[in-house]
Amino acid sequence: MGESVAEATITNWLKEVGDKIEADEAVLEIATDKVDSEVPSEVSGILVEQLFGKDDLVQVGQTIAIIETEAGDSPVAETNKVEDVAVPAEAAAIEKSIEEVKDTVAVPQDFSGSDKFFSPLVKNIAKEEGVSLNELENLAGSGKDGRITKEDILKYIEDRKSGAVQAPKAIEEAPKTVVETPKAVEPVAQKSQQAVPVSVNGGDEIVEMDRMRKLISGYMVASVQTSAHVQSFIEVDVTNIVKWRDRVKAAFEKREGEKLTFTPIMMEAVAKALKDFPGMNISVDSDYIIKKKNINLGMAAALPNGNLIVPVIKNADQLNLVGMAKAVNDLGNRAKAGKLKPDDTQGGTYTVTNVGTFGSVFGTPIINQPQVGILALGAIRKVPAVIETPEGDFIGIRQKMFLSHSYDHRVVDGALGGSFVKRVAEYLEAFDVDRDF
């Protein structure tokens, strides 16, 4: 899933227990932040156990399902339905003592109070055989990462019956008060406890936000509550860039097979300015500042469904204009097609958003946490302007645009925030019209 991705949420199981699965066939769908992906099977076989359910948060590296292959080289697995769990013959022999133990041991209705993971099969056997949560937590497992297997719990039951081990008495725990340190950013939208709104006149349509919109909502509100947003604006003369692009765009597409837009040119200037002002290429974690080694530019992109996503151009300062154009086009096309990978949206150190695409002259964008700045590119317009020449000043028509820089006043003051966006403007206005692409 990418080295920077640590967890994902299961959004949908495409295969159910008992279904046959072919190699490379999608088994389930997952979501990381704003990217949805399918998880394919590495083998052919029968899905015999789902270890997590829909909407469960799973860490990278955890086992999420068990597939039994025809060769029988995978671990033996059972289904997670209670009615499918067959009690072994040896367990039946100790049924009488188990009933006696049930009378003295408190059996929990669920295992949500434990930090350890127990498979559905182990939970079912524990409930059926009267094994308490206290016993399970003290039982050493022989599975991966100390996980308790079916054989472990059945052996424990047999040993308890023979007296080799003694079941601990149920412990009545006092209520615990958990105090959590507040996080700087809450990355998900809080679930509303309010009832679904009702249309007063009967003519209004009420639609619940989709998952991505809920995430965006949570991120935006959390960012405003976290960072002290302040903005700087600067007008830039990009006449030379417009003329140069008009002259070379056909040759560029013919040679490189890529369209040349204004975005990679702007990104190139931003990457250069970040090298000049590394104080903008940082993140904040509580009272600590993290200086980023790499310059990874986030590129805000609007999706066909109206939602927003921010793929990341990794090591943007190491790309020439051709490489930048290819990266911008690749991420933009895959974002629109829903083909982004989880790692494509991770690791950004600074973000650029092109509000001019929709005709906006400038904007006040919200910072993409935990970054400390975001730059909005306004629409390029023909405007009358004063042109200074050795022979004097005169009025002419120029191509101009506004750069809107939002930055976190907790760690970035006006001198740095203003100097950075001014440097971006200087790179754009000094664009070499004789350069090759």
Side-chain angles (χ1 to χ4, degrees), residues 234-276 295-304 308-340 344-345 348-363 365 374-383 397-405 421 423-437:
I234 191 167
E235 192 175 28
V236 189
D237 189 331
V238 292
T239 305
N240 289 340
I241 293 177
V242 173
K243 290 181 177 179
W244 179 83
R245 175 181 172 272
D246 289 342
R247 177 168 57 85
V248 305
K249 63 181 181 180
F252 184 93
E253 185 173 2
K254 182 178 180 180
R255 193 185 85 176
E256 302 296 336
E258 300 278 350
K259 291 185 180 297
L260 179 61
T261 64
F262 289 110
T263 301
I265 301 174
M266 307 295 173
M267 289 290 197
E268 181 185 53
V270 172
K272 290 180 179 178
L274 285 172
K275 291 191 72 172
D276 295 341
I295 295 177
N296 300 332
L297 291 182
M299 181 184 73
L303 300 177
L308 178 72
I309 199 165
V310 186
V312 177
I313 302 172
K314 306 292 175 62
N315 299 308
D317 58 313
Q318 300 178 18
L319 300 176
N320 59 17
L321 187 58
V322 173
M324 189 74 77
K326 289 181 179 293
V328 167
N329 292 340
D330 173 58
L331 290 174
N333 292 335
R334 287 198 287 123
K336 293 177 182 177
K339 299 296 184 181
L340 288 175
D344 290 330
T345 61
T349 61
Y350 188 88
T351 298
V352 178
T353 178
N354 191 352
V355 299
T357 302
F358 310 103
S360 296
V361 178
F362 56 81
I374 180 172
L375 185 70
L377 309 175
I380 299 175
R381 304 168 300 133
K382 289 183 179 180
V383 297
I397 297 176
R398 306 294 289 178
Q399 301 270 8
K400 290 196 172 186
M401 66 182 294
F402 281 99
L403 302 179
S404 309
H405 187 209
V421 70
R423 183 61 54 84
V424 175
E426 290 171 348
Y427 279 127
L428 294 176
E429 291 186 340
F431 187 85
D432 183 6
V433 294
D434 296 322
R435 69 178 286 181
D436 190 13
F437 49 79

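Since the model is a prediction, treat every value here as computed from it, not as a measurement.
At least one side-chain heavy atom of Val322 sits less than 4.5 Å from a side-chain heavy atom of Arg255. Looking at heavy atoms from C-beta onward, Arg334 lies in side-chain contact with Asp344 at the 4.5 angstrom threshold. For the pair Leu321 and Arg435, the minimum side-chain heavy-atom distance is below 4.5 Å.
The CE atom of Met324 sits 6.0 Å away from the CG atom of Leu297 when rounded to the nearest 0.5 Å. Rounding to the nearest 0.5 angstrom, the gap separating the CG atom in Leu274 from the CZ atom in Arg423 is 11.5 Å. To the nearest 0.5 Å, atom CD of residue Glu268 and atom CG of residue Leu428 are 9.5 Å apart. Residue Ile295 holds its CD1 atom at 12.0 Å from NZ of Lys272, rounded to the nearest 0.5 Å. Between the CG atom of Asn320 and the NZ atom of Lys326 there is a distance of 10.0 Å, given to the nearest 0.5 Å. Between the CG atom of Asn315 and the CG atom of Asn296 there is a distance of 5.5 Å, given to the nearest 0.5 Å.
Here the rule is ring-ring contact (aromatic ring centres under 6.0 Å, His included) with Phe431, and of Trp244, Phe262, Phe437 only Trp244 fits it. For the side-chain contact (heavy atoms from CB on, under 4.5 Å) test with Met299, the passing option among Val328, Ile309, Thr351 is Val328; the others fail. A side-chain contact (heavy atoms from CB on, under 4.5 Å) with Val236 is found for exactly one of Leu403, Ile380, Val424, namely Leu403.
For OH of Tyr427, the number of neighbouring non-hydrogen atoms (other residues, nucleotides, ligands) closer than 6.0 Å is greater than 12.
Minimum interatomic distance between Ala300 and Leu308 (heavy atoms only, all atoms of both residues): CB-CD1, 4.1 Å. When all heavy atoms are compared, the tightest approach of Glu258 to Phe252 is O-CD2, 3.2 Å. When all heavy atoms of Ala327 and Ile313 are compared, the closest pair comes out as CB-CG2, 4.1 Å. Heavy atoms only, all atoms of each residue included: Val312 and Leu331 are closest at O-CD1, 3.5 Å. Across Ile234 and Ala425, no two heavy atoms sit closer than the pair CD1-CB, 4.0 Å. The two atoms that bring Ala301 and Pro311 nearest to each other are CB-CD, 4.5 Å, heavy atoms only.
A donor-acceptor pair under 3.5 Å links the side-chain atoms of Arg245 to the main chain of Leu260, judged by distance alone. In terms of modelled atom types and a separation under 3.5 Å, the side chain of Asn329 and the main chain of Lys259 share a donor-acceptor contact. With Gln399 contributing its side chain and Val238 its backbone, the two residues share no donor-acceptor pair below 3.5 Å.
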